[in-house]
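Written below as structure tokens is the structure these notes are about.
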Amino acid sequence: DGKAYEFKPGDTIMQVAERYKVHEEIPRFCYHPSMPIAGTCRMCTVEVEKAPKLMTSCSTPAADGMVVHTNSDKVQKSRYGVMEFLLTNHPLDCPVCDKAGECELQNYDFKYGPETSNFKEQKRVFTEATTKSLSNDVTLNMNRCVHCERCVRFTEDVTKTHDLVMVNRGWHKELQATEPEKGLTNDYQGCLTDFCPVGALTFNDFRFEKRVWFLRKDPSVCDGCAKGCNIEVNSDREVVYRYVPIFNEKVNGHWMCDEGRKSYHTYSDPNRVIAPLLPDTVRGHLASSSWEASLNETRSLLTAANNPLVVVGTDATTEEAQALKTAFSSYNRAQVRFHNGTGGVVKSSDNKALDHLLRQSDKTPNTKGLESLGLAPLSAADISGNDVVLVVRQVRAALPKLEGSAQVILMGVFTRDEVDALKAQGLNIRAVLPTLATTEKDGTFTNCDGVTQHFNKAVTHRGKALGVDKILGHLGLTR
């Protein structure tokens, strides 16, 4: 396009154009930077001087002295033709399609496609695959498919589960599960719907929930396991509707697992405790209370304690753990320990990769972060003989097994069912102090690979929960 650019050996024309943002983006359907090149959609063709025909920019290596035109009349005509063919059978589903607003076909049609159609024949319809379940998480509408085959290559080359295949050819070409009776079985099914350029594959968890143009998008870190995938929290009016992955070459690449993708539901659980609880001596159960009464009760318990224990879950941020360590390091001979309890993990070295991609046995985000503060893991000896135990935990870490004689203060993110189950086990719970979830606060996690990542608040908490630092301040424990 009349400008000179340097390239690295092995770069394709597409990669050079992306690096220097030539016309922002060369259009593509089949190309994905983390999958093998296919060159089948023909949408990314460019004009290379001295070449006899248009070349696919995704697969053509850059060469010294090569002259490339990415927006010539010849290229525009080619893109117009590709779009016209793709739209011949594509249904006019945009008003009801979940992909509307983030659909590559929509965007490219507006920019490169025809204003009217010359197609007079009947559109092809896959009557049995208009709404076809590929699994509990993914729904297929084959009528919308543009045969880019990103999904097939993903299961072949990324997850290596080979659970999708294209059968037949031409007019009858159709996407199916390799084993229809099993359907999709991999743990990264949401990624298929992320990079599907149209609405052929949709994720059931988000399907028909919210139009994407209403969503606010905030970068964050997934707290579903020790990997700490970079994510975008999509919300509207302080309600989270989905997580989607953000590219980070050092952490998660372009992907995230389905378990992490759906983990936001734990924070929107209708049974989540969002106001302080104190024992109701009349009714015999924990009831909602004011912060003033709850803090007074907590302060009295800690002041009178002879052998207090503070257990910090490895789902706490590094800042929260540091504040707790500082507050209790010289307070009434208190011991401060961390606790994980997920996947057989006691300390970070116990963590194991569950597959060749991202999933980890440690289902908490910050075990290494707490270890970096010099905290030791909770042991059976630590639990013995405590008169007051403060448990700080943000949903992901398991609850430690405590002696029934100790007076227990719960601080963190809990559901009412969890609190009732603990009480049924005979624990003497004297107060429940709700705190903010990961999406509702700023903080830092250190993942299983030692990568430290800071994140900011994505949504505002809509209950009465407070930050750990504020609670410690109200208790007079901050310095």
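Owing to the predicted nature of the structure, the values given are computational and were not obtained by experimental measurement.
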Side chains of [Y] and [X]: any donor to acceptor distance under 3.5 Å?
X      : Y      : answer
Gln189 : Asp258 : no
Asn234 : Tyr264 : no
Asn366 : Thr317 : no
Asn340 : Asp362 : yes
Thr326 : Gln322 : yes
Thr178 : Asp163 : no
Gln394 : Thr435 : yes
Arg396 : Thr266 : yes
Gln453 : Asn447 : no
Arg207 : Asn204 : no
Ser379 : Asp382 : yes

task: Quick one: do Cys225 and Glu259 satisfy side-chain contact (heavy atoms from CB on, under 4.5 Å)? Show the steps, please.
output: CA-CA 9 Å; Cys225 80; Glu259 184 180 5; over 6 Å; no
May I ask you to decide whether [X] forms a salt bridge with [Y], counting only side-chain N to carboxylate O separations under 4.0 Å?
X      : Y      : answer
Lys347 : Glu371 : no
Lys111 : Glu25  : no
Lys262 : Asp205 : no
Asp194 : Arg261 : yes

message: Keeping Arg144 on the side-chain end and Gly199 on the backbone end, is there a donor-acceptor pair under 3.5 Å?
response: yes
query: Are the side chain of Tyr188 and the backbone N or O of Leu358 linked by a donor-acceptor pair below 3.5 Å?
result: yes
Just how far is it from atom [atom1] of [X] to atom [atom2] of [Y], taken to the nearest 0.5 Å?
X      : Y      : atom1 : atom2 : result
Lys160 : Asn186 : NZ    : CG    : 13.0 Å
Trp291 : Thr298 : CH2   : OG1   : 8.0 Å
Leu399 : His339 : CG    : NE2   : 7.5 Å
Asn351 : Cys448 : CG    : SG    : 5.5 Å
His32  : Cys151 : NE2   : SG    : 12.5 Å
Thr342 : Lys363 : OG1   : NZ    : 8.0 Å

query: Hey, mind stepping through Leu390 and Val388 against side-chain contact (heavy atoms from CB on, under 4.5 Å) and telling me if it holds?
result: CA-CA 7 Å; Leu390 171 62; Val388 175; 5.8 Å; no
- prompt: Any chance the rings of Tyr108 and Phe29 have centres within less than 6.0 Å?
  reply: yes
- request: Answer yes if the ring centres of Trp255 and His356 are under 6.0 angstrom apart, and no otherwise.
  value: no
- prompt: Taking everything shown except Asn136 itself, do over 12 heavy atoms lie less than 6.0 Å from its CG?
  reply: no
If you look at every heavy atom in [X] and [Y], which pair is closest and at what distance?
X      : Y      : value
Gly313 : Leu370 : O-CD2, 3.6 Å
Arg153 : Pro36  : NH1-O, 2.7 Å
Asn252 : Cys229 : CB-SG, 3.5 Å

- prompt: Which one of Thr139, Asn141, Leu192, Asp137 satisfies the side-chain contact (heavy atoms from CB on, under 4.5 Å) criterion with Thr202?
  reply: Thr139
- prompt: Just checking, Arg19 and Tyr5: is the charged tip under 6.0 Å from the six-membered ring centre and within 45° of the axis?
  reply: no
message: Can you see whether Phe195 has Arg150 sitting over its ring - NZ or CZ less than 6.0 Å from the centre and within 45° of the normal?
response: no
- request: Apply salt bridge (Lys or Arg N to Asp or Glu O under 4.0 Å) to the pair Lys441 and Glu320, showing each step before the final yes or no.
  value: CA-CA 11 Å; Lys441 63 189 176 186; Glu320 289 171 334; 2.8 Å; yes
message: Let's go through Val239 and Ser268 carefully: what are the C-alpha distance in whole Å and the side-chain angles of both, what is the deciding distance for side-chain contact (heavy atoms from CB on, under 4.5 Å) to 0.1 Å, and is it a yes or a no?
response: CA-CA 8 Å; Val239 175; Ser268 55; over 6 Å; no
